[in-house]
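Below, chains carry the letters A, B, ... as their sequence lines are ordered, and counting in each starts from 1.
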Protein chains: 2
Amino acid sequence: MARTTGSDGEKTEAAIREAATALIAHHGYEATSMRQLAAEVGVQAAALYRYFPTKEDLLFTLMLEHMEALLAAWGGTHAHAGSPAARLSAFVGNHIAFHIERRHSTHISNMELRSLSPERLTRILKLRGAYEKELRAILRDGAETGAFDLDDVGLTAMALIQMMTGVIVWFRPGERLSVAGVTETYLAMTMRLVGATTGREEPHVHQHAELRA
Amino acid sequence: MARTTGSDGEKTEAAIREAATALIAHHGYEATSMRQLAAEVGVQAAALYRYFPTKEDLLFTLMLEHMEALLAAWGGTHAHAGSPAARLSAFVGNHIAFHIERRHSTHISNMELRSLSPERLTRILKLRGAYEKELRAILRDGAETGAFDLDDVGLTAMALIQMMTGVIVWFRPGERLSVAGVTETYLAMTMRLVGATTGREEPHVHQHAELRA
DNA sequence: GAAATAATTGAACGTTCGTTTTATTAATGC
DNA sequence: GCATTAATAAAACGAACGTTCAATTATTTC
């Protein structure tokens, strides 16, 4: 037996990426074997090596694409001008939407960093740093103009990112809350956390509608 | 070769626990081999099985002790009475102190859950649930008495825990910030996040001193 | 000081791992 | 329709894995 009828390189590679993302997210990189992955794709293990020279190459590819997609998603929002509050709002919305939609690759990119070689780890961390820098810039602007009231830009950025990314730990689509509802609540928490002034000292604006899925 | 001079079961078991915590936190459970662990302890791999019947038993032991210690630490604060703000403040302080001190076992208990058998996973998750319930109770009391102003008790609890536990990702003792400084900043962020009223509508109290290590 | 027990070694077991090699067949270009 | 290339299967590689077992020595008990 050899080449099978209807076999197509592009389709196979896409299937490998997809299956690998799901398997590694569920069982972890070390606990996922190439044979298990191959079985999921419906192919022999040796066939995987036509697309990814090593297991680590596959992991790195998944992570790199995830980080680049994250930066691209934020860059595509065109929300880099305007008030700090507006920009922060856009950042939160984009972050939560992206991470919920890409729960599996987010899990991988956050949990499997130790399985990368030092050079590749550095490469991924550089992209992550660039992303976090975007948030710090917003917070710094807000702190300087008085739109926000916070102690430490770096700590606040980390706290916000951990808080927002943490959504993927418990959020399951179609359960109690909708994406829009979660985003709205997290947006309100974010604005309070950074001590955002609501313009002309209005009382806090809370919109409770649409919180349920 | 057999029993070595000065060998002591209790000491060996403690050494195994310690080495396992560090190794698994650094390289992950699946990537840590029994031989590697044995070498770190200074013993042959077979000796480990005198203390832990399987590798998973070892992992479970580490996790169970971590969760029980976490609950015990909170229970030992005797801060279960008083105003919601005071209780929340105690909770944040205890949570951050505990997690910084036990970074390694926290990492394990958060990241290696998938390596547990279903029954043991349930057991650990039950303890985690009990801990989170403590926070929700504080938030609910605060929301009902008007001390806090928040949208959703459950979501706020998850956001706070993710935010606080996230400290272990970037915090390194002896670097820019002290534990006290981090705790103070996180306490301020927490209080703003839950919309805590500062009693008689005082302006926000910010204490910037002692933030540096 | 002999007997019982505690602690550990060293070797081995079967299995699974990531990966390589070789052969074979499907699709493509001329 | 023949040669070439793309895609895969099948089998094998050595290494490492978790774990077991028998033998051996230190310590404790009486």
Report the residues that fulfil salt bridge (charged side-chain N to carboxylate O under 4.0 Å, His left out) with [X], sequence neighbours left out, ordered by chain and then residue number.
X: A/Glu56; value: A/Arg120
X: A/Glu65; value: A/Arg17
X: A/Arg123; value: none

d([atom1], [X]; [atom2], [N]) in whole Å:
X: B/Leu59; N: D/dG18; atom1: CG; atom2: P; answer: 13 Å
X: A/Leu48; N: D/dA7; atom1: CG; atom2: P; answer: 14 Å
X: A/Met34; N: C/dT20; atom1: CE; atom2: C1'; answer: 13 Å
X: B/Glu13; N: C/dT8; atom1: CD; atom2: P; answer: 11 Å
X: A/Gln36; N: C/dC17; atom1: CD; atom2: P; answer: 8 Å
X: B/Tyr29; N: D/dG18; atom1: OH; atom2: P; answer: 8 Å
X: A/Glu56; N: C/dG18; atom1: CD; atom2: P; answer: 13 Å
X: A/Glu30; N: D/dG18; atom1: CD; atom2: C1'; answer: 15 Å

[X] side chain N/O closer than 4.0 Å to the phosphate oxygens (OP1, OP2) of [N]?
X: A/Thr54; N: C/dG18; result: no
X: A/Ser33; N: C/dC17; result: yes
X: A/Thr12; N: D/dA7; result: no

Closest approach of A/Ala20 and A/Leu62, non-hydrogen atoms and distance?
CB-CD1, 4.0 Å
Listing time: all N or O pairs from protein to nucleotides 12-14 of chain D that are below 3.5 Å?
{"residue": "D/dA12", "atom": "N6", "partner": "A/Arg35", "partner atom": "NH2", "Å": "3.4"}

Of all the nucleotides listed ([options]), which has the minimum atom distance to the side chain of [X]?
X: A/Tyr51; options: D/dT20, D/dT8, C/dT8; result: D/dT8
X: B/Val43; options: D/dG18, C/dG18, C/dT8; result: C/dT8
X: B/Arg50; options: D/dA6, C/dA7, D/dT19; result: C/dA7
X: B/Gln44; options: D/dT19, C/dT8, C/dG10; result: C/dG10

List in numerical order all residues of residues 15-26 of chain A for which some heavy atom is under 4.0 Å away from an atom belonging to DNA chain D.
none
Applying side chain to side chain contact (heavy atoms under 4.5 Å, CB included), name anything that partners B/Leu121, two or more places apart in sequence or on another chain.
B/Leu113, B/Leu116, B/Leu125
Within residues 107-124 of chain B, the residues having a heavy atom closer than 4.0 Å to DNA chain C are none
Decide side chain to side chain contact (heavy atoms under 4.5 Å, CB included) for A/Glu132 and A/Met158; before the verdict, give the C-alpha distance in whole Å, the side-chain angles of both, and the deciding distance to 0.1 Å.
CA-CA 8 Å; A/Glu132 293 171 356; A/Met158 294 312 291; 4.1 Å; yes
Test: side-chain hydrogen bond (donor to acceptor under 3.5 Å, both in side chains). Region: residues 76-89 of chain A. Which pairs qualify, not counting sequence neighbours?
A/Arg87-A/Asp141
Which pairs count as side-chain hydrogen bond (donor to acceptor under 3.5 Å, both in side chains) when at least one residue sits in residues 19-28 of chain A, sequence neighbours excluded?
none
Does any pair with a residue in residues 28-41 of chain A pass salt bridge (Lys or Arg N to Asp or Glu O under 4.0 Å), and if so which ones, sequence neighbours excluded?
none
side-chain hydrogen bond (donor to acceptor under 3.5 Å, both in side chains) with B/Arg140: which residues, sequence neighbours excluded?
none
With sequence neighbours left out, what residues match B/His99 under side-chain hydrogen bond (donor to acceptor under 3.5 Å, both in side chains)?
B/His95
Cationic tip of B/Lys55 within the cone over B/Tyr29's six-membered ring, i.e. under 6.0 Å and within 45° of the normal?
yes
